[in-house]
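Let me begin by presenting the structure, written as structure tokens, before commenting on it.
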Amino acid sequence: MGELKVVRWKRHGHDRLYANLPDGTAAGWADCKTGTITIRLAEHRDAVMAVLREHLSTATDALAPSETPVPASVLPPLTPDDDLALNSPGTALLPKVTETSAGLMTRVLARIQGRPADGDSWRKGMTGERRVGAELDRLRRHGWRVLHSVPLPRHVDLDHLLIGPGGVFTVNTKNHPRKAVWVGDDAVRVDRGRPKPYLRKSRAEAKRVQRVLERYCGFAVPVEPVLVFVGVTDLKVVATQLTVRVYREREVSALAPLSGVLANDEVERIYAVARHRRAWLAA
């Protein structure tokens with residue numbers, strides 16, 4: 001319970017207590033008006049229930065919110081050139097695939113020789129993003145908003161951004177066809193190879209997105225990282241305190257029923273900011 005920080009949040013008629021992990025990830029929250037507690041990370045259920053019940057017993061309107069409202073920054077009117085809602089999955093990788101791809105005969109020869117051809121890594125990444133993007137697009141019918149290939153400074157991009165009643169999720173796609181993946185608390189190994197920093201980078205990505213959205217929305221926006229593996233033969237998650245959701249591509253549908261984190265007007269406001277290219281220029 002000591003690792004959780006309780007933050008009070010009042011916006012748009014809501015009065016909530018968030019129980020956050022040290023890295024800022026919301027493990028759960030309580031509605032100060034109704035006393036209802038919502039658990040976001042099941043592995044922290046007992047600690048969240050205990051710490052929020054303790055704070056609910058003393059929460060009153062006389063207590064000042066833990067964060068002072070900050071006026072939201074203003075974006076210019078949205079134009080088609082700046083509208084990221086028009087991006088399809090893998091859009092950001094397409095130029096790299098085109099620029100680096102070898103010809104058909106060269107790729108065939110490389111495959112026969114068992115070596116990668118120029119552009120293979122970019123092509124594999126784009127394939128993975130398209131497969132995960134198709135799965136995420138299915139969530140639109142459940143009230144979710146989806147963005148793909150969100151450009152960030154320094155020639156990087158966010159694979160997917162999911163916004164809906166269950167919160168905001170940054171989705172990082174990793175395509176490892178015919179590979180076995182092992183996930184611990186802080187490391188990911190592919191076919192028992194060297195540890196990869198996927199988890200650390202996913203957490204950093206979520207915090208980066210949270211800063212941008214809160215700057216332009218003017219209210220607290222809890223953002224949670226998601227790591228999705230494509231084409232793997234086995235996915236073993238042995239972490240005990242994992243702060244990143246981990247799925248295979250077909251398992252992202254587990255996010256569909258999540259709710260109770262954002263009101264409809266908050267979802268629309270966040271989506272309006274997130275789809276604007278200029279919001280991310282200084283992310």
Side-chain angles (χ1 to χ4, degrees), residues 25-29 38-45 48 84-93 124-150 157-183 188 190 198-199 201-203 205-206 209-210 213 221-239 241-264 266-268 270-271 274-275:
T25 301
W29 59 271
T38 300
I39 304 298
R40 300 190 67 198
L41 300 178
E43 60 270 30
H44 296 282
R45 174 180 294 275
V48 170
L84 300 179
L86 303 177
N87 283 1
S88 58
T91 294
L93 296 181
K124 184 174 70 172
M126 188 170 66
T127 298
E129 289 188 28
R130 286 177 172 175
R131 288 175 60 175
V132 172
E135 294 297 327
L136 291 171
D137 285 340
R138 298 175 191 274
L139 304 187
R140 296 179 190 272
R141 71 189 72 170
H142 300 286
W144 292 85
R145 300 288 198 169
V146 186
L147 294 170
H148 307 290
S149 292
V150 176
D157 70 283
L158 177 65
D159 295 347
H160 316 278
L161 188 63
L162 184 65
I163 305 164
V168 178
F169 298 89
T170 56
V171 182
N172 196 342
T173 298
K174 298 299 178 185
N175 189 6
H176 291 293
R178 299 179 299 280
K179 303 290 185 181
V181 175
W182 178 95
V183 181
V188 173
V190 179
Y198 293 164
L199 299 172
K201 289 186 176 181
S202 292
R203 289 191 292 264
E205 196 172 68
V209 167
Q210 183 177 33
L213 296 180
V221 181
V223 180
E224 196 172 340
V226 177
L227 187 57
V228 182
F229 290 98
V230 177
V232 299
T233 57
D234 183 51
L235 177 59
K236 182 175 294 184
V237 180
V238 299
Q241 296 186 4
L242 191 63
T243 55
V244 178
R245 292 175 183 261
V246 179
Y247 301 116
R248 297 175 187 245
E249 70 265 32
R250 291 296 181 88
E251 295 171 345
V252 295
S253 59
L255 296 169
L258 298 182
S259 63
V261 175
L262 295 173
N264 289 337
E266 292 171 325
V267 170
E268 294 307 317
I270 293 169
Y271 179 63
R275 69 188 292 183

Legend entry - Candidates T173, V230, N175 - the one meeting side-chain contact (heavy atoms from CB on, under 4.5 Å) with E249: V230
Legend entry - From CA spacing to verdict: side-chain contact (heavy atoms from CB on, under 4.5 Å), R138, V252: CA-CA 10 Å; R138 298 175 191 274; V252 295; over 6 Å; no
Inset, instruction - If the plane angle is over 60° it's perpendicular, under 30° parallel, otherwise tilted; pick one for H160 and H148. - result: perpendicular
Inset, instruction - Determine whether L255 and R245 make a side-chain contact, defined as any pair of heavy atoms from C-beta on separated by less than 4.5 Å. - result: yes
Inset, instruction - Would you sort out whether D157 and V150 count as a side-chain contact (heavy atoms from CB on, under 4.5 Å), showing the intermediate values? - result: CA-CA 5 Å; D157 70 283; V150 176; 6.0 Å; no
Inset, instruction - Determine the sole option in R250, R140, R130 for which the salt bridge (Lys or Arg N to Asp or Glu O under 4.0 Å) test with E135 is passed. - result: R250
Inset, instruction - Write down the atom of P89, the atom of S149, and the distance for their closest heavy-atom approach. - result: C-OG, 4.5 Å
Legend entry - Straight-line distance of F229 CZ to Y198 OH, nearest 0.5 Å: 6.5 Å
Inset, instruction - Report yes if some heavy atom in the side chain of L147 is under 4.5 Å from a heavy atom in the side chain of Y271; otherwise report no. - result: yes
Inset, instruction - Can you measure from CH2 (W182) to CG (L235) and round to the nearest 0.5 angstrom? - result: 12.0 Å
Legend entry - Gap between atom CG of L258 and atom NE2 of H142 - 0.5 Å precision: 11.0 Å
Inset, instruction - May I ask you to check whether over 12 heavy atoms, not counting those of R45, lie within 6.0 Å of atom CZ? - result: no
Inset, instruction - Locate the shortest heavy-atom distance separating Y247 from A254; write the atom from each residue and the value. - result: CE2-CB, 4.1 Å
Inset, instruction - For side-chain contact (heavy atoms from CB on, under 4.5 Å), just list the numbers for V168 and L262, CA-CA rounded to whole Å, side-chain angles, deciding distance to a tenth of an Å, and then say yes or no. - result: CA-CA 9 Å; V168 178; L262 295 173; 4.0 Å; yes
Legend entry - Heavy-atom donor-acceptor pair, R248 side chain to V232 backbone, under 3.5 Å: yes
Legend entry - Within-4.5 Å side-chain heavy-atom neighbours: L199 and V188: yes
Legend entry - Spacing of T233 atom OG1 and K179 atom NZ [to the nearest 0.5 Å]: 9.0 Å
Legend entry - For Q210 against P222, the heavy-atom pair lying closest together: NE2-CA, 4.0 Å
Inset, instruction - Look up atom NZ in K174 and atom CD in E129, then write down how far apart they are to the nearest 0.5 Å. - result: 9.0 Å
Legend entry - Taking every non-hydrogen atom, the tightest pair across V244 and S202: CG1-CB, 4.2 Å
Legend entry - Exercise: identify the closest heavy-atom pair between K124 and P177: CD-CD, 3.7 Å
Legend entry - Atom pair OG1 (T170) and NZ (K201), whose distance is rounded to the nearest 0.5 Å: 14.0 Å
Legend entry - Least distance between heavy atoms, L161 atom then A274 atom: CD2-CB, 3.7 Å
Legend entry - Residue pair N172 / V226, side-chain heavy-atom distance below 4.5 Å: no
Legend entry - CA sep, side-chain torsions, deciding dist, call: N264, E268, side-chain contact (heavy atoms from CB on, under 4.5 Å): CA-CA 6 Å; N264 289 337; E268 294 307 317; 5.7 Å; no
Legend entry - Validation row: D159, V171 side chains within 4.5 angstrom (heavy atoms): no
